Amino acid sequence: MTDRAEIPTNFIRQIIDRDLAEGKNGGKVVTRFPPEPNGYLHIGHAKSICLNFGIAASYGGACHLRFDDTNPEKESDEYVASIKRDVEWLGWRWDGEVRFASDYFELIHDCAVALINAGVAYVDTQSPEDIARQRGDFTHPGQNSPHRDRAVDDNLALFARMRAGDFNEGEAVLRARIDMASPNMNLRDPVLYRIRKVSHHQTGDTWCIYPMYDFTHPISDAIEGITHSLCTLEFEAHRPLYDWTLDNLAGFLASRDRLPARPRQYEFARLNLNYTVMSKRKLKQLVDEGHVNGWGDPRMPTLSGLRRRGYTPEAIRRFCDMAGVARADSTVDTGMLEAAIRDDLNVHAPRAMCVLRPLKLVIENWPAGQVEQLQIAKHPQDESMGFRDVPMTQEIFIDREDFLLEPVRKTKRLVLGDEIRLRGSYVIRANEVLRDAQGEITEIRCTYDPDTLGKNPEGRKVRGVIHWVSAEYGVPCQVRLYDRLFTEANPDRAEQGFLSVLNPDSLTVLEGCRVEPALAGVAPEARFQFEREGYFCVDPDSGAGEMVFNLTVGLRESF
RNA sequence: UGGGGUAUCGCCAAGUUGGUAAGGCAACGGGUUUUGAUCCCGUCAUUCCCAGGUUCGAGUCCUGGUACCCCAGCCA
């Protein structure tokens, strides 16, 4: 998909290069993206997706999409559907069918039985509180459970009863028998199976016992033949358990012919972006409490939000490549994301004119009723995009901010008594302003120089160029301006909590804007550059009644 | 506090037998321009968390510190 040469190397690619050189895994590279369907995907997931799918693509390998659905309480089909859609939208295609860890529940159960038979797993019928208490802490070793040495047959019988539903939630768990004194807390006889009497979005009521992540993941990776299991840094301390599980199950899985590869786990730093939050819990809270309009709100760092905001899959992939992959905790500046989308849209977005805060301007020497269809290039550097018709009439709108009564040093706007170029049109001069009873400027009376279409006036230099839209033909529309969702670079660290630093001005809705008629009726997701303003896309709220545009990102401004 | 990690420019990030600090974002100059956009040119780490040491030579090796992140869910 992407030219490999463009993708900067990173420590994981180097590990794969070395593995390949050593002939490991028969030269195969198989990765997986393993989301839990308990929320929408965000830009942080995009990093993992691009890493996993990108590696598979550049090494001629495969990448699986596997839902890590072992906790039915928090998961749902809505999330499964949104995740599939987002991965595809990003431009990736998973190998084979979508997989679910729940597809493997029977085999995982058999693995548990195998562990019991091997004497390295036991059923603990203590309360969750007792188990927690016995785990000890960083300074004190844990205490062995009184059930740690239960006979294999008893464990088998108890585990069967767990599956049969004989116990209530919390009354019994299956635990690995490792080391209650391990300095690694994850190795202090971790829970492998717990009881959850809730129906599962994939398996319904087939099960009332569910395997834990630490047990499920290595088994799922192994049976899918995953060679490189990439996850984030916080799972580093779990790696010994990942390896313990596979070391203890390799024989069993091989005997069932379900061990195509011995996977290895590698951890990389998750993506953080400043001025936003990335945890699913917090994003869900923003949605549930109505601080934003759903997971797909254009202000959200979710992929659906970025999509509605006007980001392209290409820009997001490019951004992930720009940010890189390493093991150091880091927070990428939002400016890098913006640079990625500007780069893309600058090349691909047709130009158009839209007046956000209309101020009427009447050209007194323009023949009344005359309409001149101007042909303006859709892109100044790409003539293959062609031209669009832009009607020029006696009355037009310009932005209120583009008119000044008094000249300001080096300004490039229209000043009373001076000239300005109308983009793609003529040079005009502002002669007089009309005001209403409150003194508010309501209209500017101008004259135009008929000899300035496509050429500069003789002997004079106009101070600048402003955009405009015909008052008669301009299409009224709504424009939604977005700003960062939070006022602090790191909302997670806010004294009063992340909600206390929500930006009250993250959304500004402008009504009565005027866009040039060439854009009337274009479909949602179409992207344009509104000259001198920024990049905008058509929002799905656009209907027969009114067009709605979302600000994707503003133009760079340098004075 | 025990264990596991990480520290290279404002933000990311290369640097892999020690040989004399890539690139991107941002910023700042200048040029082109009917978008204060784009594009183009240029500037931007005598220094790699700190302190010692080894060496002709260290971001890379050794010793000792410091800071930050992760782990005590029957979450992932």
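Residue numbering restarts at 1 for every chain, and letters A, B, ... go by the order of the sequence lines. Here the structure is a predicted model, which is why all the values come from computation and not from measurement.
Looking at heavy-atom distances under 4.0 Å, A/M212 makes contact with sugar-phosphate atoms alone, never a base. A/R493 comes within 4.0 angstrom of the backbone, heavy atoms only, and of no base. A/R413 comes within 4.0 angstrom of a base, heavy atoms only. Here A/P380 lies in heavy-atom contact (under 4.0 Å) with a base. Within the 4.0 angstrom heavy-atom criterion, only backbone atoms of the sugar-phosphate kind lie near A/V325; the bases stay farther away. Within 4.0 Å of A/R351, counting heavy atoms only, lies at least one base atom of the nucleic acid.
By the salt bridge (Lys or Arg N to Asp or Glu O under 4.0 Å) test, A/D77 pairs with no residue at all, sequence neighbours left out. By the salt bridge (Lys or Arg N to Asp or Glu O under 4.0 Å) test, A/R163 is found to be paired with A/E106, residues two or more places apart in sequence or in another chain being considered. Scanning for salt bridge (Lys or Arg N to Asp or Glu O under 4.0 Å) contacts around A/R327 gives A/E236, A/E267, with sequence neighbours left out.
Proximity note for A/F559 (side chain, C-beta onward) versus B/G36, B/C74, B/G15: the nearest is B/G36. Of the listed nucleotides (B/G3, B/C71, B/A76), B/C71 has the atom at the smallest distance from the side chain of A/M185. Here the nucleotide nearest the side chain of A/L555, chosen from B/A37, B/A14, B/C75, is B/A37.
Contact record, A/R556 with A/R342: N-NE, 3.8 Å, taken as the closest heavy-atom pair.
Regarding contacts with the backbone of B/A76, a side-chain N or O of A/T70 is found under 4.0 angstrom from either OP1 or OP2. OP1 or OP2 of B/A27 sits under 4.0 Å from a side-chain N or O of A/R556. The phosphate of B/G15 has OP1 or OP2 within less than 4.0 Å of a side-chain N or O from A/Q14. The phosphate of B/A76 has OP1 or OP2 within less than 4.0 Å of a side-chain N or O from A/R194. In this model, the phosphate group of B/C74 is approached by a side-chain N or O of A/R135 to a distance below 4.0 Å at OP1 or OP2. For the OP1/OP2 pair of B/A37 and a distance below 4.0 Å, the side-chain nitrogens and oxygens of A/S558 include at least one atom meeting the criterion. For B/C70, the OP1/OP2 oxygens have no side-chain nitrogen or oxygen of A/R270 closer than 4.0 Å.
Across all strands shown, B/A27 forms a Watson-Crick or G-U wobble pair with B/U43, both key distances being under 3.5 Å. For B/G59, there is no paired base (Watson-Crick or G-U wobble, both distances below 3.5 Å). Both distances falling under 3.5 Å, in either a Watson-Crick or a G-U wobble arrangement, place B/U66 opposite B/A7.
Aromatic pair A/F549/A/F536: centroids not less than 6.0 angstrom apart.
With both ends at atom P, the span from B/G3 to B/C74 equals 23 Å, rounded to whole Å. Annotation: B/G2 and B/C62 have their P atoms spaced 23 Å apart (nearest Å). The C1' atoms of B/U46 and B/A21 are separated by 10 Å, rounded to the nearest whole Å. One P atom belongs to B/G29, the other to B/A14, and the distance between them is 31 Å to the nearest Å. Between B/G5 and B/G42, the distance separating the two C1' atoms is 41 Å to the nearest Å.
With 3.5 Å as the limit, one finds a donor-acceptor pair spanning the side chains of A/H217 and A/R32. For the residue pair A/E234 / A/T232, a side-chain donor-acceptor distance below 3.5 Å is found, with atom types taken as modelled. Checking A/H64 against A/E224 by side-chain atom types alone, a donor-acceptor pair falls below 3.5 Å. A donor atom on one side chain and an acceptor atom on the other are not found under 3.5 Å apart for A/T312 and A/R527.
By the 5.5 angstrom centroid cut-off and the 30-degree plane limit, A/F138 is classified as stacked against the base of B/C71.
If you check residues 228-246 of chain A against RNA chain B, the residues with a heavy atom closer than 4.0 Å are A/E234, A/F235, A/E236, A/H238, listed by number. Contacts with RNA chain B (heavy atom under 4.0 Å) in residues 327-339 of chain A: A/R327, A/A328, A/D329, A/S330, A/T331, A/V332, A/D333, A/G335, A/M336, A/A339, listed by number.
Each of A/D214 and A/D137 lies near RNA chain B, and the nucleotide nearest A/D137 is the one positioned closer to the 5' end. Mapping A/G464 and A/D68 onto RNA chain B via the closest heavy atom, the residue that lands nearer the 5' end is A/G464.
In this structure, B/G36 shows a glycosidic angle more than 90 degrees from zero, which is the anti conformation.
Counting only distance, with no hydrogens or angles, the side chain of A/R413 and the backbone of A/E401 share a donor-acceptor pair below 3.5 Å.
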Pairs of donor and acceptor atoms involving the side chains of residues 44-51 of chain A, under 3.5 Å and at least two apart or interchain, shall be tabulated with distances.
from  : atom 1 : to     : atom 2 : distance (Å)
A/H45 : ND1    : A/H42  : N      : 2.9
A/K47 : NZ     : A/A269 : O      : 2.7
A/S48 : OG     : A/N52  : ND2    : 3.4

